Amino acid sequence: MNISQTGLPGEPAADAGGTPAGSVDGRASRWQSHREERRRELIKAARKAVHGLGSDASMEEIAAAAGTSKSVFYRYFGDKAGLQQAVGEVVLSQMQRRIQEAAQGAQTPREGLFAMVSAYLQMAETSPNVYTFVTRYTPGDAGAANSTVATTGALGHFFAAVSDMIAGPMRSHLGDSAGREAAIGYWPNAAIGLVRNAGEQWLASPPSPAKPDQEAMARQITDWLCLGIAPALRSGPNSPAPEPTSAPTSAPTLSEPKKEST
């Protein structure tokens, strides 16, 4: 028996050179932990740099603000698209948790929609530069080769999760009504498009007396989701007085229940 390789009972086995295998695994584990911690530090530094410098900050500018070299960022993230992906995974997961927490306290589907839209706008408004950096692909700088649209993965996962959260109260509200499956299959994704495009346009609009604040914008978007623009059309200066109508049973309606406060 070769004791140098098999070891004694209760001891880790040794490799061919007599080094305990557990020691090798331990070093590899410590090195991996170090890399993961360093990566988290770089993501945090990049996020802070983008917040201050703007969404178009280059890798060199981000690295300088982080107190390191551009090559370090390339070593950990590959290129600028890889950095966008990494920062996006952190930011969007935080936004997703915030939206989910907000929606859990809602009593009705409409309250749930307002909570999700409001949380989304709040998170985006906190740092428009970071939001733009992680949700819009921009090609890497001249030093980055073979860049890919890396942010698609993180962004797609985020909005798919939000779509599922919207579908939840929809299922509860619609029950077994006609058109239920079609509404759940198509409407949440359409709603996400409306929320994102309206929210980003609002975010990019310069401050002015006409620009609604975050809460007012969230309520406006929620009204569009629940009621469309029919109320605005009915109240137009050349519109006839509205006639009483009832929503068809085949179409979803998120009109405010009687028990819900306004």
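The shown structure was predicted, so the numbers you read here are calculated from the model rather than taken from an experiment. Heads up: numbering here begins at 1 and tracks the sequence.
- Scanning for side-chain hydrogen bond (donor to acceptor under 3.5 Å, both in side chains) contacts around Gln94 gives Arg47, with sequence neighbours left out.
- A distance of 8.0 Å separates CZ in Arg75 from CZ in Arg35, rounded to the nearest 0.5 Å.
- Every residue two or more places apart in sequence or in another chain that forms a side chain to side chain contact (heavy atoms under 4.5 Å, CB included) with Gln32 is listed here: Glu36.
- For the side chain to side chain contact (heavy atoms under 4.5 Å, CB included) test, residues two or more places apart in sequence or in another chain that qualify with Arg38 are Glu41, Leu42, Thr68, Val72, Tyr76.
- Listed by chain and residue number, Glu111 satisfy the side chain to side chain contact (heavy atoms under 4.5 Å, CB included) test with Ala106 (two or more places apart in sequence, or in another chain).
- For Arg40, the side-chain hydrogen bond (donor to acceptor under 3.5 Å, both in side chains) partners at least two apart in sequence or on another chain are Glu37.
- Counting only heavy atoms from C-beta outward, the side chains of Gln85 and Glu89 approach each other to under 4.5 Å.
- Note that the CG atom of Leu225 and the CD1 atom of Ile192 stand 8.5 Å from one another [nearest 0.5 Å].
- Within the structure, salt bridge (charged side-chain N to carboxylate O under 4.0 Å, His left out) contacts touching residues 217-228 (residues at least two apart or in different chains) are Arg110-Asp223, Glu215-Arg219.
- In this structure, the side-chain hydrogen bond (donor to acceptor under 3.5 Å, both in side chains) partners of Ser71, at least two apart in sequence or on a different chain, are Ser69.
- Checking Gln96 against Gln100 by side-chain atom types alone, no donor-acceptor pair falls below 3.5 Å.
- At distances below 3.5 Å, at least one donor-acceptor pair connects side-chain atoms of Ser93 with backbone N or O atoms of Val90.
- Considering every non-hydrogen atom in both Ile43 and Ala86, the closest pair reads CD1-CB, 3.8 Å.
- Residue Ser127 comes nearest to His51 through the heavy atom pair OG-ND1, 2.7 Å, listed as atom of the first residue, atom of the second, then distance.
- In this structure, Val87 and Val50 have side chains that are not in contact, with every pair of non-hydrogen atoms separated by 4.5 Å or more.
- Closest approach of Leu83 and Ala46 over heavy atoms only: CD1-CB, 4.0 Å.
- Summarising the geometry, atom CD belonging to Gln84 is positioned 9.0 Å from atom OG1 belonging to Thr135; distances are rounded to the nearest 0.5 Å.
- Met217 and Ile229 fall within a single hydrophobic cluster, where Ile, Leu, Val, Met, Phe, Trp and Tyr are joined by side-chain heavy atoms under 4.5 Å apart, directly or via other members.
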**Request:** Would you sort out whether Arg97 and Glu101 count as a salt bridge (Lys or Arg N to Asp or Glu O under 4.0 Å), showing the intermediate values?
**Result:** CA-CA 6 Å; Arg97 286 196 300 272; Glu101 290 170 358; 5.6 Å; no

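- The line from CD of Gln104 to CD1 of Ile99 is 12.5 Å long, rounded to the nearest 0.5 Å.
- In this structure, the side chain to side chain contact (heavy atoms under 4.5 Å, CB included) partners of Pro128, at least two apart in sequence or on a different chain, are Leu203.
- Judged by distance alone, with hydrogens and angles left aside, the side-chain atoms of Trp224 form no donor-acceptor pair with the main-chain N or O of Ala191 at under 3.5 Å.
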Donor-acceptor contacts under 3.5 Å from residues 112-125 side chains, at least two apart:
residue: Ser118; atom: OG; partner: Gln122; partner atom: NE2; Å: 3.4
residue: Ser118; atom: OG; partner: Gln214; partner atom: NE2; Å: 2.8
residue: Tyr120; atom: OH; partner: Tyr131; partner atom: OH; Å: 2.4
residue: Gln122; atom: OE1; partner: Arg98; partner atom: NH2; Å: 2.5
residue: Gln122; atom: NE2; partner: Gln214; partner atom: OE1; Å: 3.4

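- Residues Gly199 and Ile221 come closest through the heavy atom pair N-CD1, 4.3 Å.
- At least one donor-acceptor pair under 3.5 Å links the side chain of Lys211 to the backbone N or O of Trp202.
- The two residues Thr132 and Ser55 have their closest heavy-atom pair at CG2-OG, 3.6 Å.
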